[in-house]
Amino acid sequence: MPKTEADSARIAALRTRLLNWYARNRRDLPWRQSAAPYAIWVSEIMLQQTRVAVVIERYQAFMARFPTLLSLALAPEQDVLALWSGLGYYRRARMLHKAAQFVAENLGGNLPTSAGQLRTLPGIGVYTAAAIASIAHGEPVAVVDGNVERVLCRFAGWSASSGKSGGAAALRRKIENLAAKLLAPSRPGDFNQAMMELGALVCTPRNPLCADCPFAAECKTRGEHKTPRRAKMTSRAVAYALVVRMKPAASRRHSICGVRQVLLEQRSEYQSVMPGLWELPQLRSAEVPPTDLRMTLRHAIMQVNYYARIRDVAENELASLTASGGKRRWVSLTEASGMALTSLARKALTRAHLLTPPLPDPPPKL
DNA sequence: GACGCGTGGGC
DNA sequence: TGCCCAAGCGT
């Protein structure tokens with residue numbers, strides 16, 4: 001089918017409608033206030049498989065602590081993980097850190113500008129390379145993330161099982177081709193963000209707001225979209241030791257009581273899940289006598305619901321109740337709150353009133 | 001190409 | 001309240 005002038009005009013109209021919609025509806029997100037490639041990079045890594053609402057607070061804290069690529073490159077990995085604590089997918093933080101060090105040492109501290117070169121850095125895949133290159137440098141390359149995929153599949157009437165010509169890979173190519181065709185070559189960064197914003201705000205997975213969609217008139221499906229079923233959750237019981245002691249004051253003269261400390265254990269650097277993060281020492285048995293049971297809490301990790309029991313343990317019981325485990329440290333509660341804790345550990349310490357929550361509770365809803 | 005990797009929020 | 005995620009990447 002030859003490309004006609006009518007096609008070109010139709011595409012131009014779609015671009016204009018999308019960009020106008022974006023100008024009116026774009027959210028004022030922290031990373032949209034900076035044009036620095038480093039800032040865009042950090043935001044894109046944090047946003048991988050993570051909700052915007054969660055990222056907002058964490059992004060600002062991270063940028064306050066590591067305002068430049070060099071400051072990130074020079075920081076100890078534990079500091080980077082501490083700022084990532086609670087965000088999940090901790091490999092992202094390690095790869096971001098590694099990439100920053102590589103850029104600082106080998107590229108004079110300058111992040112590559114083209115998508116092709118960005119792609120070679122750890123943690124930067126096809127999507128992230130295109131996002132940074134288009135948003136920070138205006139390279140005319142289209143992004144395809146989950147939002148864009150959903151928007152374009154609905155728009156074109158494609159479903160995962162559609163067409164005899166191939167499976168997921170063929171569909172993926174069709175989506176990439178369509179995204180590239182629609183891309184506004186003069187404003188690739190705005191266009192890409194507009195497509196993703198449309199997916200996030202209007203063309204949502206469930207209950208899309210087609211009445212507000214700039215593409216509605218040309219959309220094949222008006223919101224129809226099938227997604228594959230997820231695997232079922234499984235459950236598992238675990239138990240952890242809450243061991244608290246009073247560290248004697250350094251000088252009796254200056255302090256009557258000492259500092260309260262808690263025992264933490266570091267997960268191995270080689271574990272696949274949450275390597276290098278700190279948690280409460282795990283107990284050999286998930287069974288806890290009621291008298292020692294401090295609390296129970298549920299914590300979902302991937303497809304597993306962990307029913308965790310937190311047991312009050314005295315120092316002299318520790319050896320018999322816990323496996324030898326990894327590196328352990330007594331830390332003050334103040335220090336613990338700033339460490340790379342797993343979310344389960346932070347949740348347990350917070351609920352035991354040993355830590356204060358990172359942010360005050362929001363005001364109650366009316 | 002399929003799988004492993006986390007989490008808090010929304011419905 | 002239990003389920004479903006959300007701006008992917010590396011292996």
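Just so we're on the same page: letters track the sequence lines, and every chain starts at 1.
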Residues 62-70 of chain A side chain polar contacts: donor-acceptor under 3.5 Å, at least two apart:
residue	atom	partner	partner atom	Å
A/Arg65	NH2	A/Asp79	OD2	2.9
A/Thr68	OG1	A/Ser71	N	3.0
A/Thr68	OG1	A/Ser71	OG	3.3

Can you check whether [X] has a side-chain N or O nearer than 4.0 Å to OP1 or OP2 of [N]?
X	N	value
A/Thr50	B/dG6	no
A/Thr342	B/dG6	no
A/Ser272	B/dG4	no
A/Tyr90	B/dT7	yes
A/Ser343	B/dT7	yes

Can you say whether a donor on the side chain of A/Arg51 sits under 3.5 Å from an acceptor on the base of C/dC5, or the other way round?
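A donor-acceptor contact between them is present.
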Could you tell me whether the side chain of A/Arg92 has a donor or acceptor atom within less than 3.5 Å of a complementary atom in the base of C/dC9?
no
Indicate, with a heavy-atom threshold strictly under 4.0 Å, whether [X] touches base, sugar-phosphate, or nothing.
X	result
A/Ala200	nothing
A/Met274	sugar-phosphate
A/Val148	nothing
A/Ser43	nothing

Hey, is the main chain of A/Tyr89 close enough, under 3.5 Å, to the side chain of A/Arg92 for a donor-acceptor pair?
yes
Does any residue of residues 110-125 of chain A have a heavy atom under 4.0 Å from DNA chain C, and if so, which ones, in number order?
A/Arg119, A/Leu121, A/Pro122, A/Gly123, A/Ile124, A/Gly125
Could you list by number each residue of residues 15-39 of chain A showing a heavy-atom separation from DNA chain C of less than 4.0 Å, or answer none if no residue does?
A/Arg27, A/Leu29, A/Trp31, A/Arg32
Given the [atom1] atoms of [N] and [M], what is the spacing between them in whole Å?
N	M	atom1	result
B/dG6	C/dT11	P	14 Å
C/dT1	C/dC5	C1'	16 Å
B/dG1	C/dG8	C1'	15 Å

If you group Ile, Leu, Val, Met, Phe, Trp and Tyr by side-chain heavy-atom gaps below 4.5 Å, do A/Leu355 and A/Leu263 land in one group?
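They do not share one cluster, since no chain of ILVMFWY contacts under 4.5 Å joins A/Leu355 to A/Leu263.
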So ring-ring contact (aromatic ring centres under 6.0 Å, His included) across residues 277-313 of chain A, not counting sequence neighbours, yields none
Nearest to the A/Ala169 side chain among B/dG9, B/dC5, B/dG1, which nucleotide is it?
B/dG1
For A/Phe155, which residues count as a ring-ring contact (aromatic ring centres under 6.0 Å, His included) partner, sequence neighbours excluded?
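A/Phe155: ring-ring contact (aromatic ring centres under 6.0 Å, His included) contacts with A/Phe215.
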Please tell me which of A/Thr128 and A/Arg298 maps to the more 5' nucleotide of DNA chain C, matching each residue to the nucleotide holding its nearest heavy atom.
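By nearest-heavy-atom nucleotide position, the 5'-most residue is A/Arg298.
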Got a second to check how far A/Gln266's CD is from A/Glu279's CD, nearest 0.5 Å?
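One gets 10.0 Å once the value is rounded to the nearest 0.5 Å.
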Using 0.5 Å steps for rounding, measure from the CG atom of A/Leu280 to the OG1 atom of A/Thr342.
7.5 Å
Are any of the side-chain heavy atoms of A/Phe191 and A/Leu182 separated by less than 4.5 Å?
yes
Do A/Leu209 and A/Leu201 touch side chain to side chain, with heavy atoms closer than 4.5 Å?
no
Taking only residues two or more places apart in sequence, or in another chain, which ones meet A/Arg17 in a salt bridge (Lys or Arg N to Asp or Glu O under 4.0 Å)?
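Listed in chain order: A/Glu218.
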Let me spell it out: for each of A/Asn207 and A/His299, pick the nucleotide of DNA chain B with the closest heavy atom. Which residue's pick is nearer the 5' end?
A/His299
